[in-house]
Every structure is written in structure tokens, then in C-alpha cells.
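Notes follow once the structure below has been shown.
Nothing here was measured: the structure is a model prediction, and the numbers come from that model. In each ligand, atom 1 is the first atom listed, and ligand 1 is the first ligand listed. We number each residue from 1, following the sequence as shown.
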Amino acid sequence: MVYPIVKYGDPVLERTGDVVTEFDTPELHQFIADMFESMYAARGVGLAAPQIGVSRRIAVIDCSTGEDPAQKIVLINPEIIRTEGKQKGEEGCLSIPGFREEVTRAHRVTVRAQNVKGETFEMTGEDLLARAFLHETDHLMGRLYISHVSALKRDLIRRKVRKLAKNGEWV
Ligand code: NI
């Protein structure tokens, strides 16, 4: 099923997700399938469980946006174990629609995570994939990409969102 995406302002986005301890259950398989479905419906390249209101450390990524099944990645309880270099680029988030900001991130990133069976693996990505590893892992720790922009820009976004919410345009 397609879940609605939770928007910035909902406390679930700023909470640390619960560690996943049970693997390979029908419930987990279904949840991950639903996460991919929800991400594709929203046209994103990454989605973290808190973004559909579930405070668990699970994220899905597909930089091909559904074009190439080989690029589907599931990260459970991920941690960033290595970063190298720098990249500058615009970043957005499904939970903060309508906004994009330049965010400097590492260019090459290695993540360690568990798969749906609970097996630990490591994966290294560059460019967009490196950015997605960082962005999604941040989500699971209750951090949004706007924590990486200047306080001035973050305040501006916060004010605009508050105004949209007031007008009932942020649901
Ligand atoms: Ni996001």
C-alpha cells in the first residue's frame, strides 16, 4: 500500500528511530514493499520509515526511480562508517516539498547496514548514492537535510512552512 508522506513539523521526523531487532518476518517484507511503493508514488529516490510515520531504522533507496531493479537498496539499522571527498549540490526531501537547498556532502560514502534477513553488509556509493546514504541515515537519527544549511536559510524555510500550515497548505 502507498502511505502518505509525513511533512516537516511532525515530531516523528525529528525522533531517533527504533533499532530493528526482528528480521525476515512477513510483516517486515510487507513493510519494505510498501516503502518502495510509497517512494515510487512520491517520485523520490530515497525514503526513510519515519517519513511514513513509523519510527524504525529502515530506509529504502533507488537512484533509478524504479527503472532498474538492481538499484533497489534496503538499509536496516544503517551507520555511516567512511566518508571521503566533497560534493556540492541541491538537495530536497519528500517531507519538505517545494524546497531545495545546496548542501555540501561527502562524495564517497560507505554505509554498514543489515538487510531484510538481518545479515550485515557494507556498501560504498558515490555522487547521488553517497548523498542518499547520508540523507536517509540522517532521517533515521531524526535529522533533516536542513540541519546542514545555514541557520538563516533554515529559519526562512521554517517560517514559510509555518505560513503554509496556517493556510492549510501543508498537510
Ligand atoms: Ni528526506
Side-chain angles (χ1 to χ4, degrees), residues 1-20 31-67 71-80 83 86-114 123 125-151 153-162 164-165 169-171:
M1 76 175 257
V2 172
Y3 285 84
I5 307 289
V6 170
K7 301 273 193 329
Y8 174 49
D10 189 315
V12 72
L13 293 175
E14 293 175 80
R15 201 180 293 148
T16 303
D18 293 335
V19 173
V20 176
F31 183 70
I32 287 166
D34 289 346
M35 282 188 70
F36 275 109
E37 208 182 325
S38 304
M39 178 179 76
Y40 293 139
R43 301 178 173 282
V45 297
L47 186 74
Q51 294 185 275
I52 54 172
V54 177
S55 199
R56 295 164 90 185
R57 292 192 203 176
I58 306 174
V60 297
I61 293 171
D62 180 356
C63 290
S64 81
T65 58
E67 295 296 311
Q71 292 192 41
K72 289 172 79 171
I73 297 168
V74 176
L75 301 176
I76 302 179
N77 303 327
E79 45 177 332
I80 303 297
T83 60
K86 264 187 190 177
Q87 58 170 318
K88 275 188 176 192
E90 277 206 338
E91 203 165 311
C93 178
L94 293 175
S95 294
I96 318 176
F99 296 91
R100 291 184 76 76
E101 291 294 338
E102 187 166 277
V103 181
T104 303
R105 297 278 200 181
H107 168 69
R108 193 178 152 89
V109 171
T110 303
V111 68
R112 180 186 292 148
Q114 283 166 284
M123 197 174 189
E126 295 182 352
D127 302 315
L128 180 60
L129 184 55
R131 192 178 281 280
F133 284 161
L134 294 167
H135 182 114
E136 300 312 329
T137 302
D138 266 359
H139 266 302
L140 304 182
M141 299 311 288
R143 266 193 311 266
L144 297 167
Y145 83 91
I146 53 171
S147 66
H148 298 288
V149 306
S150 71
K153 282 183 178 165
R154 191 163 51 245
D155 245 37
L156 194 64
I157 292 173
R158 214 176 271 155
R159 262 184 280 138
K160 284 183 182 168
V161 166
R162 218 172 281 151
L164 287 167
E169 293 163 33
W170 192 257
V171 282

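Shown here are the side-chain hydrogen bond (donor to acceptor under 3.5 Å, both in side chains) partners of Glu90, two or more places apart in sequence or in another chain: Arg100. For Lys72, there are no salt bridge (Lys or Arg N to Asp or Glu O under 4.0 Å) partners at least two apart in sequence or on another chain.
You'll find the side chain of Lys153 stays beyond 4.5 Å of the side chain of Leu156, heavy atoms only. Proximity of Cys93 to Gln51: side-chain heavy atoms (C-beta onward) are separated by under 4.5 Å at one or more points.
Remark: the backbone N or O of Val149 is paired with a side-chain donor or acceptor of Arg154 at under 3.5 angstrom.
Within the protein, the N, O or S atoms sitting under 2.8 Å from the Ni ion (ligand 1) are Cys93 SG, His135 NE2, His139 NE2.
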Donor-acceptor contacts under 3.5 Å from residues 126-141 side chains, at least two apart:
unit_1: Glu126; atom_1: OE2; unit_2: Arg108; atom_2: NH1; d: 2.8
unit_1: Asp127; atom_1: OD1; unit_2: His107; atom_2: ND1; d: 3.2
unit_1: Arg131; atom_1: NH1; unit_2: Glu91; atom_2: OE1; d: 2.5
unit_1: Arg131; atom_1: NH1; unit_2: Val103; atom_2: O; d: 3.1
unit_1: Arg131; atom_1: NH2; unit_2: Val103; atom_2: O; d: 3.2
unit_1: His135; atom_1: ND1; unit_2: Glu91; atom_2: OE2; d: 2.8
unit_1: His135; atom_1: NE2; unit_2: His139; atom_2: NE2; d: 3.2
unit_1: Glu136; atom_1: OE1; unit_2: Ala48; atom_2: N; d: 3.4
unit_1: Thr137; atom_1: OG1; unit_2: Phe133; atom_2: O; d: 2.7
unit_1: Asp138; atom_1: OD1; unit_2: Arg143; atom_2: NE; d: 3.0
unit_1: Asp138; atom_1: OD1; unit_2: Arg143; atom_2: NH2; d: 3.0
unit_1: Asp138; atom_1: OD2; unit_2: Arg105; atom_2: NH1; d: 3.4
unit_1: Asp138; atom_1: OD2; unit_2: His148; atom_2: NE2; d: 2.7

